[in-house]
Asker: 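Please read through the structure below; I'll follow up with questions.
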Amino acid sequence: MNAPCLVFVTGGVMSGLGKGITTSSIARLLACKGFEVSAMKIDPYINVDAGTMRPTEHGEVFVTADGGEIDQDLGNYERFLHKTLSKDHNLTTGKVYKKVIEKERKGDYLGKTVQIIPHLTDEIKKAIMKNAEGNDILLVEIGGTVGDYENVPFLEAARQLKLELGQRVVFVHVSFVPVPGFLGEPKTKPTQHSVKFLQQMGIQPDFLVCRSVREVDSVRRQKLALFCNVKPECVINNPDVENIYELPLVFESQGFGDAILDKLGLKPRGNQLYLWQRIVDEFRNASKEIVVGIVGKYVATGEFELKDSYISVNEAVKHACAKLGAKPVIKWINSLSENITKDLEEVDCVIVPGGFGSSGVKGKLEAIKYCRENKKPFLGLCFGMQLAVVEFARNVCGLDADSSEINPHAEHKVVDILPEQRGINEKGGTMRLGEFPAVLVKGSLVWKLYEEAGRIADGVVFERHRHRYEVNPEYHDLLESKGMLVSGKSPDGRLAEFIEVKGHPFFVATQAHPEFTSWPGKPNPLFFGLVKAGLEKENSELNDAYR
Ligand code: GLN
């Protein structure tokens, strides 16, 4: 294998342009050309990781198999690359400073003045090159927007790497080309300014990727090329697409993959994009509508809906639907609203995703009860499973039950703090995090779903976790005696990892976050099962109506 190459992806004009999707799509495209490709994200914030951030602040906290609490973009990389990435694929200002300060305290710098250049930039370069090891190409997405104070050291490290590695480094700048309604024409000036800033930092982008509502015409592309010092054929269109997984194909149609390889001095080693095309076709051909209700509290900020808080859940639903030829209509149900039953009546199946704290619990419990009693397909994720147990304990077992996270004085703490979590005060990185095995009960619904997907070996499945509480093992027997099945447990038999309700068409919940292991073309079995049950329920209701 040759020395690895680097493709830096920077962003201009504003955040939220879909730089992560662009990075992921380039990665997928290059992987389809026969290269070993990986991707990493640099987040210029001071938090050591995303674990302590509220989802409405920063979007979802993605969990890696090795227990990293990471920016949501890593989820996109895994989904597009069909690859599991380690937590080292996320670098933050907090992480780099922490490392440098620890070294300084140990005296590793031998009396030197420790500075941003070269000490911090050296640490950044080292982390990048470590991730590049064993790959042909590493995509490095630099978060934030050029011009921010925070990402300057990272851009400086990238500049140095270009100087050191020459042709093995390429820069892609993703920028916004607005088409203001009052003008009706695409404007290039904001992009020109953001490129100027990069150039001041000593970085000349090789490619401009123009995010816009529609394709930017050749007149504007020529202009951008001239003012930004790139070749016209290196100005790439990135218009809004209905389905994000189409983007690698949009790039391929503009020769973007081959052009990057050419700059890196590489030749394509084949083209397997037809395999990706097949996956995209499944999304394109899906037609049967299914309404999926997601009941959460992180769905709004001010007057706007915030879908990013549950992005992996959202994507997992899409993957499952595409496989089943269905087109999802996702209905966000705010658990903080009063009386959500009417919303629930309008959906074909329901997801109660993860969460923390007592606000919104009332609405979630109401949703769970409704699904259990009305045989509406239901999938509970993490907190969603804990609340399914609370609901069952209260309304089926007749206990005055709660989770001690919500009411520490409850008579029956059917969900309680994990013993190893007692006494932990520090919040960052201290939950039960990452991938853990679970032993499934043979013949259970969950077992069948994982078996069908080929994701079970010797009765064991793996999913990722992020929680401090567990279903209290003292109540397993009682719950089971009343019709709940603990269908998956940790290998020591203590932790309930999966539950289902007997006699219900699909009432399944897990302590894990199966949304993190769902890929386009390879949906997670639980989401697949939920959507399938939702479609079946809809069919049987239609039949009833005709009868
Ligand atoms: N708050 C719950 C716990 O910590 C559930 C966490 C989650 O849903 N990720 O156990």
Side-chain angles (χ1 to χ4, degrees), residues 7-30 32-33 137 139-142 145-147 155 158 162 167 169-266 268 271 273 280:
V7 176
F8 284 99
V9 181
T10 56
V13 180
M14 64 178 201
S15 65
L17 287 180
K19 217 167 357 115
I21 304 292
T22 302
T23 306
S24 307
S25 299
I26 297 172
R28 164 45 66 191
L29 190 49
L30 298 178
C32 282
K33 303 268 173 183
I137 303 165
L139 276 288
V140 186
E141 180 187 345
I142 301 185
T145 309
V146 296
L155 291 171
K162 173 73 187 171
Q167 199 187 3
V169 175
V170 155
F171 285 96
V172 174
H173 186 59
V174 185
S175 188
F176 182 47
V177 179
V179 187
F182 54 88
L183 287 177
E185 79 168 293
K187 300 304 285 179
T188 62
K189 190 76 81 190
T191 300
Q192 293 178 39
H193 279 295
S194 73
V195 170
K196 229 168 234 146
F197 186 85
L198 264 183
Q199 290 166 338
Q200 276 168 17
M201 296 285 309
I203 293 173
Q204 170 60 52
D206 299 284
F207 295 93
L208 291 182
V209 173
C210 304
R211 278 289 294 119
S212 195
V213 280
R214 53 174 188 265
E215 291 194 349
V216 178
D217 64 353
S218 86
V219 174
R220 273 80 186 182
R221 291 217 307 281
Q222 297 278 352
K223 191 169 174 189
L224 278 169
L226 182 65
F227 281 90
C228 299
N229 195 31
V230 299
K231 294 214 174 102
E233 64 270 25
C234 294
V235 183
I236 307 293
N237 264 314
N238 182 351
D240 286 353
V241 282
E242 200 189 317
N243 170 15
I244 52 168
Y245 301 113
E246 306 231 356
L247 198 54
L249 304 175
V250 172
F251 285 164
E252 172 71 356
S253 71
Q254 300 173 71
F256 192 16
D258 291 349
I260 293 179
L261 291 176
D262 192 50
K263 283 247 185 251
L264 294 169
L266 300 169
N271 194 346
L273 215 68
V280 170

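Just so you know, these numbers come straight off a predicted model, no measurement behind them.
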Asker: With the side chain counted from C-beta on, respond yes when V280 and L249 share a heavy-atom pair under 4.5 Å apart, and no when they do not.
Answerer: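 Answer yes - side chains close enough.
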Asker: Could you tell me the separation between the NZ atom of K223 and the OG1 atom of T191, rounded to the nearest 0.5 Å?
Answerer: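 Here the rounded value is 11.0 Å.
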Asker: Verify the distance criterion only: is there a donor paired with an acceptor across the side chains of T22 and N238 at less than 3.5 Å?
Answerer: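 Present: a donor and an acceptor within the cut-off.
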Asker: Which heavy-atom pair separates G12 from T145 by the least distance, and what is that distance?
Answerer: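 That would be C-CG2, 3.7 Å.
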Asker: To the closest 0.5 Å, what do you measure between CG (L224) and SG (C234)?
Answerer: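 The SG atom of C234 is 12.5 Å from CG of L224, to the nearest 0.5 Å.
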Asker: Kindly say whether V146 contributes a backbone atom to a donor-acceptor pair with the side chain of S194 at under 3.5 angstrom?
Answerer: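 No, S194 side chain to V146 backbone: no donor-acceptor pair under 3.5 Å.
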Asker: Applying side chain to side chain contact (heavy atoms under 4.5 Å, CB included), can you list everything that pairs with A225, at least two apart in sequence or on another chain?
Answerer: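 Expected list: V230, P232, V235.
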Asker: Taking side chain to side chain contact (heavy atoms under 4.5 Å, CB included) as the test, write out the residues that go with K33, two or more places apart.
Answerer: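 With sequence neighbours excluded, K33 shows a side chain to side chain contact (heavy atoms under 4.5 Å, CB included) to L29, F35, E252, D258, L261, P268, N271, given in chain and number order.
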Asker: Considering non-hydrogen atoms only, spot the tightest contact between V213 and P239 and give its length.
Answerer: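 Taking every non-hydrogen atom into account, O-CB, 4.3 Å.
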Asker: Tell me the closest heavy-atom pair linking L247 and S25, and the distance in Å.
Answerer: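 Shortest heavy-atom separation between L247 and S25 comes out as CB-OG, 3.3 Å.
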Asker: When rounded to the nearest 0.5 angstrom, what distance separates CD1 in I137 from CG in L264?
Answerer: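 Between atom CD1 of I137 and atom CG of L264 there are 6.0 Å.
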Asker: With a 4.5 Å limit on heavy-atom distance, are the side chains of L155 and I142 in contact?
Answerer: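 Of all side-chain heavy-atom pairs linking I142 with L155, at least one is under 4.5 Å.
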Asker: Determine the minimum heavy-atom distance between V216 and C210, stating which atoms define it.
Answerer: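 The answer is CG2-CB, 4.0 Å.
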Asker: State which residue, out of E141, K19, H173, fulfils the side-chain hydrogen bond (donor to acceptor under 3.5 Å, both in side chains) condition with T10.
Answerer: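 So the option named by the test is H173.
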Asker: If you look only at distance, which donor and acceptor atoms sit under 3.5 Å apart when one is on a side chain in residues 177-189 and the other is two or more places apart or in another chain?
Answerer:
| residue | atom | partner | partner atom | Å |
| --- | --- | --- | --- | --- |
| E185 | OE1 | R220 | NH2 | 2.8 |
| T188 | OG1 | Q192 | NE2 | 3.0 |

Asker: F256: what forms a ring pair (Phe, Tyr, Trp, His ring centres under 6.0 Å) with it, not counting sequence neighbours?
Answerer: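 Only F207, F251 meet the ring pair (Phe, Tyr, Trp, His ring centres under 6.0 Å) criterion with F256.
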Asker: When rounded to the nearest 0.5 angstrom, what is the spacing between CD1 in I260 and CD1 in I26?
Answerer: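 The CD1 atom of I260 sits 4.5 Å away from the CD1 atom of I26.
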Asker: Is there a donor-acceptor pair under 3.5 Å between the side chain of N237 and the backbone N or O of E215?
Answerer: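 Judged by distance alone, no pair lies under 3.5 Å.
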Asker: Could you verify whether a donor N or O on one side chain and an acceptor N or O on the other, from Q204 and N229, lie under 3.5 Å apart?
Answerer: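 Indeed, the side chains of Q204 and N229 share at least one donor-acceptor pair under 3.5 Å.
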Asker: Roughly how far, to the nearest 0.5 Å, is CG of L139 from CZ of F8?
Answerer: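 Going from CZ on F8 over to CG on L139, the span is 10.5 Å.
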Asker: Can you tell whether the side chains of D240 and R211 come within less than 4.0 Å, N to carboxylate O?
Answerer: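 Salt bridge present between D240 and R211.
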Asker: Please list all pairs passing the ring-ring contact (aromatic ring centres under 6.0 Å, His included) test where one or both residues lie in residues 215-246, with sequence neighbours left out.
Answerer: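 Qualifying pairs: F80-Y245, Y245-F283, Y245-H319.
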Asker: Could you measure the distance from the CG atom of L198 to the CD1 atom of I203? Nearest 0.5 Å is fine.
Answerer: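 The distance works out to 5.5 Å.
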Asker: For residues 170-182, which residue pairs qualify under salt bridge (charged side-chain N to carboxylate O under 4.0 Å, His left out), counting only residues two or more places apart or in two chains?
Answerer: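 The answer is none; no pair qualifies.
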Asker: Got a donor-acceptor contact below 3.5 angstrom from the Q254 side chain to the V250 backbone?
Answerer: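 Confirmed, Q254 side chain pairs with V250 backbone.
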Asker: Could you report the tightest heavy-atom contact between V169 and K162, atom names first, then the distance?
Answerer: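 Shortest heavy-atom separation between V169 and K162 comes out as O-NZ, 2.9 Å.
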Asker: Do L208 and V195 come within less than 4.5 Å of each other through their side chains, counting heavy atoms only?
Answerer: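 Counting from C-beta outward, L208 and V195 do come under 4.5 Å.
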